[in-house]
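To start, the structure under review is shown below, and the notes come after it.
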Protein chains: 2
Amino acid sequence: MHEAPDWIAVDWGTSQLRAFAMSGERVLAEASSDEGMGRLAPDAFEPALLRLIEPWLGSGVTPVIACGMVGARQGWAEAPYRTVPCAPVAPGALMPVAARDPRLNVSILPGLCQADPADVMRGEETQIAGFLSLHPEFEGTLILPGTHSKHVRIAGGEVTGFATHMTGELFATLAQHTVLRHSVAELDGTAPEAFAEGLRMGRAGEALSRLFGLRAEALLSGLSPEEARARLSGLLIGAELAQLPASGAAVAIIGAGALAARYREALALLGIAAAVHDGAELVRRGLIAARAAEEEEAT
Amino acid sequence: MHEAPDWIAVDWGTSQLRAFAMSGERVLAEASSDEGMGRLAPDAFEPALLRLIEPWLGSGVTPVIACGMVGARQGWAEAPYRTVPCAPVAPGALMPVAARDPRLNVSILPGLCQADPADVMRGEETQIAGFLSLHPEFEGTLILPGTHSKHVRIAGGEVTGFATHMTGELFATLAQHTVLRHSVAELDGTAPEAFAEGLRMGRAGEALSRLFGLRAEALLSGLSPEEARARLSGLLIGAELAQLPASGAAVAIIGAGALAARYREALALLGIAAAVHDGAELVRRGLIAARAAEEEEAT
């Protein structure tokens, strides 16, 4: 990298740390490690960051803007949630964090919370900000699939409400830690009919009451492990998507890979066309939007 | 024990082995160990049984009737399921098992299965047989709470259908293996309002969509770990009990202790009065009924 970055964007989740050397909106270099929030004590964050970005630092002070679980209570420093309804990023929202290294000027982008029903997010707000910087007129629901899938209602450029579904974590824990582990394959196979059937059942409110059937059908009627895995996925995603408003409003997916594709497929089976927007790209866009808001605040 | 048993009743589950030296319907002695099906290879069952019952054996042949997971595919010998609708025990249903010790004449009481929706039980059929030997006129639904809670429809002295709910296993795995472990107490506290609230939500089909709220309310509004545990229990039991037929038919609980009491409380909150019948006593009653059916078959 010949050009010195004028700032550094950091996506710091529970299991991964990703940093981008930036010149304005341009990525000059990127680096990542597995030093996520989940394995770091509070005083270990700055060294973990320096291990990754030290080659990029000049003699002056470089601003670093970080989002994600780094701002959780168990993170580097707790960044208090902002309460919806609000824009996903806004001037004055960044929380400064004390760093020992004089070359660093670190701030954390806070997550969002909702009072009733109680809910929280950290990290997704940055993807949402990135999405809205590209699609400022979007109104409807954003779905961010994952361990904790988020349904986020957007209107007037703001997050007006959201709901978290533990779909990914439920799937993993049911497949690994319950009697279903004997019947569910460890890897995805190809069983689109089993997925669609699970989806219908889950959407009809039968997700929990159909779980043991995966085991019983494996014992009695030869349901294959791949079919059981696809049905389980369908049951849980169907239960989640049953919570979408029936308004016919727009739906878009923020994510990537097989999981985003599965949600798109599920929505299509429910008659909802939803485009997939790459989450990694949107995090960078969101951090750029946060920096722009900060500069607006400063002027 | 001065009197020699004329037969031995055995309740052999996944985690426990219990044996009763019987004289007709009378218990002469009992013994138990933790050598459940879950930790025994097929050739380890007979030695495990002998360790428990050898002091009771005379020089002749003693009939042994066993129920439970001992008859599973991973058990001593697989006892094929009988298909509902059928009586929980019936003449000719016992499956003989080859034993090496000439003093033993072992047979296994088979479980029940249902074709559509696919479902299976092993062990509960014996409790149900015990219940029906005491309450032959009962018509309605029996609930057997546990790791895998069973709802069993009874009419005309037969099991006409049943459904398994993974409520207990779901509760344990959510409380131990997901993000909820940070918010849910390890032991039950006293939080009847949180339980009742969870029950209402679960019955309204909100069990899955309310799970993450336990974490969020703990972070945002100080939901206590004991309240979170009671709410989680209510959510899952509420979702289970939402599956009861709305017919107003009789409901009875087979179980014991705190769990049976919680189900009785939940049913009472839903306006259903249900008596609790001790499951351990009913297993013995069911094994007695199985032996009586066998003797009827033999004559």
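Below, chain A is the first sequence line, B the second, and so on; all start at residue 1.
Using a 4.5 Å cut-off between heavy atoms, B:A239 touches chain A through its side chain atoms alone. Interface residue A:L170: only side-chain heavy atoms are found under 4.5 Å from chain B. Only the side chain of B:A207 comes within less than 4.5 Å of a heavy atom of chain A; its backbone N, CA, C and O stay farther away. Interface remark: B:L174 contributes side-chain atoms only to the contact with chain A (heavy atom separation under 4.5 Å). Contacts between B:Q114 and chain A at a heavy-atom distance below 4.5 Å involve the backbone alone (N, CA, C, O).
Applying a 4.5 Å heavy-atom cutoff, the residues of residues 216-223 of chain B that approach chain A are B:A216, B:E217, B:L219, B:L220. Of all residues spanning residues 176-185 of chain A, those with a heavy atom less than 4.5 Å away from chain B's heavy atoms are A:H177, A:T178, A:V179, A:L180, arranged by number.
You'll find the side chain of A:S209 stays beyond 4.5 Å of the side chain of B:E240, heavy atoms only. A 4.5 Å side-chain heavy-atom check between B:F212 and A:E169 finds every atom pair outside the cut-off.
Heavy atoms from other residues, nucleotides or ligands lying under 6.0 Å from CD of A:E78 number more than 12. Under a cut-off of 6.0 angstrom, the local environment of CD in A:E193 is sparse, with at most 12 non-hydrogen atoms contributed by other residues, nucleotides or ligands.
Note on B:R210, B:R73, B:H148, B:H165: by heavy-atom pairs under 4.5 Å with chain A, the leading option is B:H148.
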